[in-house]
K.L.:
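Structure below; questions to follow.
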Amino acid sequence: MPSMSWSVLELLRKDPEALKEHVRKRLMDVSIVDKAREIDTAWRKFQTEINEVRHRHNVISEKIAKASPEERQRLVEEAKRLLGQLQDMEKRMKELDELWEKTIRSLPNIVHESVPVGDESASKPIRVWGKARVYKEHLDQFLEETAKKGVEMDYEVIEWKPIGHADMLENVLGLGDTEKASEVAGSRFYYLFDDIVWLDMALLWYAVDFLTQKGYTLVIPPYMLRGFVITSVIDYEGLKDAIYKIEGEDLYLIGTAEHSLAALHMGEEIDEDLLPLKYVGISPSFRKEAGAGNRDLKGIFRVHQFHKVEQFVFSLPEQSWEIHEELIRNAEELFKGLGLPFRVVNIASGDLGAPAAKKYDLEVWMPAQGRFREMVSASNDLDWQSYRLKIRFVRRKGRVKGYVHTLNSTGIASTRTITAILENNQDPEGVVEIPKILRKYLEPFAKAPKDYIYPRKKSASAKSF
RNA sequence: GCCGGGGUCGCCUAGCCUGGUAGGGCGCCGGCCUGCUAAGCCGGUGGGGGAAACCCCGCGCGGGUUCAAAUCCCGCCCCCGGCGCCA
């Protein structure tokens, strides 16, 4: 029988040293490989043992059905004896099963050969786009993050210091209130008003419009998932502090539409002719952000809830690397459309999440902070998620089955993109220019801003020359 | 939320009352046959372990009764219909 199994499990059995190399690249303790191998071997051995006893019991059980009354009594006694022996073994098997499951599921994905090896600092910028506005005192930092890392990015030095997105939102524009939100919900929540709300929704429509035109199927997914599902699509042990749970129920708020989109074909067999299946989901994302400490506490850069348009693809194994490039290119096109200067980074092995074999981040230059900040993350998870969710493809020829590959990428995450617009598109007077490409998504609404968002208590005529 | 009906190997379906190897159809895969195609015929078509022979597990999920559970009992999930409630 052609065995069809998870690529990582296959590697564990056939070439543990190679798997160790992948784990080592992630800067994780490689002893998990030996431990997993030990448990896997013991699990398989015990399975054979228990099956032998079960077999003997089954043979006797079948005989009883046809046995004569006097023989019957003797056979039932024998069956009972075997059953007693089995009882202990079944208990042990259950423990081993759980240990095996837990151990195997804790293994991270392999690392693609094109991923730079090392910690965060090894992450490699591979492309840049746009002209960054660099405040004169940030020039060193800017060059450090571009030219020194091998990518030449266009820039202009500015003499005035742009106002940070948090100040822009709450003080200059007066269109957000995180203090009141803190009182009623907690830190990292927000009230947004008027023009920023229009902007939020326009960004979402823009991404949805763009991606549906590329042939992606538009989806509103569940915003909560069962425990089994959420633990299958993320590294739950590592991320459980980031996920909200509904009290008293086996339900978890999604951290991104990726989670529910991955589950869309749970337990299914997909004909190869139907692949790749491309989806664009739109949903809120809920994140606890526990462990973020005081990072980005101000404003709406790092928050507990935001809206996001997400790309998600199920593909055949041989298609996934090409599609990974497609996803990041889609995101790049979206940000080019917005006119936001960015670099694309090939994330280092030590900074990859357990499900991802490779990840690109799209980072926009933030002129007030003097650094690049992540706006988009595009991952190829290979068969890591599909093995857990049992999503398979079937090839017509030869009826070959295998696990599909899954890929995900941000399209646009609204609040974070708004922070990028607030910092990049402000002028020295605090007027924010709305990206022209959003115009058509604002035009239908009488009260929506069209070209600029103006500072509060300043006459609109300030920019009307 | 209450009452009733249901969930079977990709899809459809039999088996459940009365416990004893899960049967059939469709689709698909392989083969035979065949100027070609179609039809027809034969075999295969859930998961795990094993080099293989073969073995185990599997009838929504989890328990229980029994030598033996798709079948009997209990809890849960989901679907359909009716009633109630409701943006």
Side-chain angles (χ1 to χ4, degrees), chain A residues 1-10 12-15 36-105 220-232 246 248-252 260 263-275 277 314 316 383 386-404:
Chain A
M1 177 184 285
S3 84
M4 171 205 59
S5 88
W6 180 29
S7 52
V8 172
L9 185 55
E10 229 167 82
L12 177 75
R13 288 175 183 172
K14 291 180 183 159
D15 194 352
R37 205 170 143 76
E38 217 173 279
I39 290 165
D40 185 50
T41 307
W43 175 79
R44 289 195 283 171
K45 181 160 171 275
F46 194 71
Q47 200 164 323
T48 307
E49 287 171 22
I50 196 170
N51 281 347
E52 275 166 19
V53 181
R54 281 168 173 165
H55 177 57
R56 278 191 278 153
H57 178 257
N58 284 345
V59 168
I60 290 171
S61 243
E62 279 161 34
K63 273 190 200 159
I64 290 173
K66 298 169 212 150
S68 59
E70 56 271 20
E71 202 184 6
R72 195 182 195 92
Q73 186 58 37
R74 191 183 61 76
L75 287 170
V76 169
E77 290 306 318
E78 173 68 5
K80 279 184 175 169
R81 195 186 60 77
L82 278 170
L83 219 54
Q85 191 183 338
L86 260 178
Q87 209 165 31
D88 294 338
M89 293 183 88
E90 293 286 3
K91 197 173 154 225
R92 171 93 184 110
M93 190 72 237
K94 196 175 172 184
E95 286 165 8
L96 261 177
D97 269 342
E98 276 163 21
L99 180 63
W100 183 85
E101 185 86 5
K102 189 172 163 241
T103 307
I104 295 306
R105 278 169 75 110
I220 291 181
Y223 299 165
M224 301 177 210
L225 295 169
R226 292 187 200 288
F228 171 77
V229 178
I230 202 97
T231 56
S232 298
I246 304 296
E249 301 192 50
D250 181 33
L251 277 176
Y252 299 77
S260 355
L264 175 59
H265 294 295
M266 180 170 82
E268 294 180 16
E269 278 180 7
I270 304 171
D271 193 293
E272 64 173 335
D273 295 342
L274 296 173
L275 294 167
L277 286 168
F314 300 88
L316 289 169
D383 55 358
S386 59
Y387 168 72
R388 286 161 175 71
L389 292 171
K390 303 286 173 259
I391 309 170
R392 295 170 299 173
F393 63 82
V394 186
R395 295 194 201 278
R396 306 183 77 80
K397 274 287 164 207
R399 271 189 76 85
V400 176
K401 290 179 187 175
Y403 290 107
V404 301

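This structure is a prediction, so every number in the text was calculated from the model and none was measured. Letters go in sequence order (proteins before strands), and every chain restarts at 1.
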K.L.:
Kindly say if A:R72 contacts the phosphate of B:rC67, meaning a side-chain N or O under 4.0 Å from OP1 or OP2.
P.N.:
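For A:R72, the contact criterion (side-chain N or O under 4.0 Å from OP1 or OP2 of B:rC67) is not met.
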
K.L.:
So, is A:N58 near the phosphate of B:rA68, with a side-chain N or O under 4.0 Å from OP1 or OP2?
P.N.:
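No, because none of the side-chain N or O atoms of A:N58 sits under 4.0 Å from OP1 or OP2 of B:rA68.
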
K.L.:
Find the distance A:Q87:CD to B:rU66:C1' and express it as a whole number of Å.
P.N.:
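Atom-to-atom, A:Q87 to B:rU66, this comes out as 13 Å.
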
K.L.:
May I ask you to say what A:L83 touches in the nucleic acid, namely base, sugar-phosphate or nothing, with a heavy-atom cut-off under 4.0 Å?
P.N.:
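Sugar-phosphate contact only - A:L83 comes under 4.0 Å of backbone atoms but never of a base.
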
K.L.:
If pairing requires Watson-Crick or G-U wobble contacts with both distances under 3.5 Å, which nucleotide is the partner of B:rU18?
P.N.:
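Here B:rU18 is not engaged in any pair, so there is no nucleotide opposite it.
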
K.L.:
Considering residues, nucleotides and ligands other than A:I220, do more than 12 of their heavy atoms fall under 6.0 Å from its CD1?
P.N.:
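For A:I220, atom CD1 is not crowded (no more than 12 foreign heavy atoms under 6.0 Å).
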
K.L.:
So does A:R13 get a backbone contact from the side chain of A:D40, meaning a donor-acceptor N/O pair under 3.5 Å?
P.N.:
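Checking the backbone N and O of A:R13 against the side chain of A:D40, no donor-acceptor pair under 3.5 Å is found.
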
K.L.:
So does A:L389 get a backbone contact from the side chain of A:S232, meaning a donor-acceptor N/O pair under 3.5 Å?
P.N.:
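Judged by distance alone, no pair lies under 3.5 Å.
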
K.L.:
So, under a plain 3.5 Å distance rule, would you say the side chain of A:R13 forms a donor-acceptor pair with the base of B:rG49?
P.N.:
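When only heavy-atom distances are counted, A:R13 does not reach the base of B:rG49 through any donor-acceptor pair under 3.5 Å.
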
K.L.:
Round to a whole Å and report the spacing from CZ of A:R226 to C1' of B:rG62.
P.N.:
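After rounding, the reported distance stands at 14 Å.
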
K.L.:
On the nucleotide B:rC29, are OP1 or OP2 found under 4.0 Å from the side-chain N or O atoms that A:R395 carries?
P.N.:
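So the side-chain polar atoms of A:R395 never come under 4.0 Å of the phosphate oxygens OP1 or OP2 of B:rC29.
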
K.L.:
Taking atom C1' in both B:rU21 and B:rC55, compute the distance separating them and give it to the nearest angstrom.
P.N.:
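Nearest-Å result for B:rU21 against B:rC55 at atom C1': 15 Å.
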
K.L.:
Just N and O in the side chain of A:K66: are any of them under 4.0 Å from OP1 or OP2 of B:rC67?
P.N.:
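Looking at the OP1 and OP2 atoms of B:rC67, neither is under 4.0 Å from any side-chain N or O of A:K66.
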
K.L.:
Taking pairing as Watson-Crick or G-U wobble with both contacts under 3.5 Å, can you name the mate of B:rC2, or confirm there isn't one?
P.N.:
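In the structure as shown, B:rC2 has B:rG82 as its Watson-Crick or wobble partner.
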
K.L.:
For A:A79, which contact category applies under a 4.0 Å heavy-atom criterion: base, sugar-phosphate, or nothing?
P.N.:
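Here A:A79 touches the backbone only, sparing every base.
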
K.L.:
Using both distances under 3.5 Å as the test, list the Watson-Crick or G-U wobble partner of B:rC36, or none.
P.N.:
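The base-pairing partner of B:rC36, which may sit in any strand shown, does not exist here.
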
K.L.:
When all nucleic acid strands are considered with a 4.0 Å heavy-atom cut-off, which category describes A:L75: base, sugar-phosphate, or nothing?
P.N.:
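No contact.
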
K.L.:
What's the verdict on side-chain hydrogen bond (donor to acceptor under 3.5 Å, both in side chains) for A:R388 and A:T231, showing C-alpha distance, side-chain angles and the deciding distance?
P.N.:
CA-CA 9 Å; A:R388 286 161 175 71; A:T231 56; over 6 Å; no

K.L.:
Need the pair for B:rA53. Rule: Watson-Crick or G-U wobble, both distances under 3.5 Å, any strand; none if unpaired.
P.N.:
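Across any shown strand, B:rA53 pairs with none.
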
K.L.:
Please check if atom NZ in A:K390 has more than 12 non-hydrogen atoms from other residues, nucleotides or ligands closer than 6.0 Å.
P.N.:
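Yes, the 6.0 Å shell around NZ holds more than 12 heavy atoms from other groups.
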
K.L.:
A:T48 near the nucleic acid: base, sugar-phosphate alone, or nothing, with a heavy-atom cut-off under 4.0 Å?
P.N.:
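Since only primed, P, OP1 and OP2 atoms lie under 4.0 Å of A:T48, the category is sugar-phosphate.
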
K.L.:
Going by purine N1 to pyrimidine N3 plus the second Watson-Crick contact, or the G-U wobble pair, all under 3.5 Å, which nucleotide sits opposite B:rG43?
P.N.:
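Its partner is B:rC29.
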
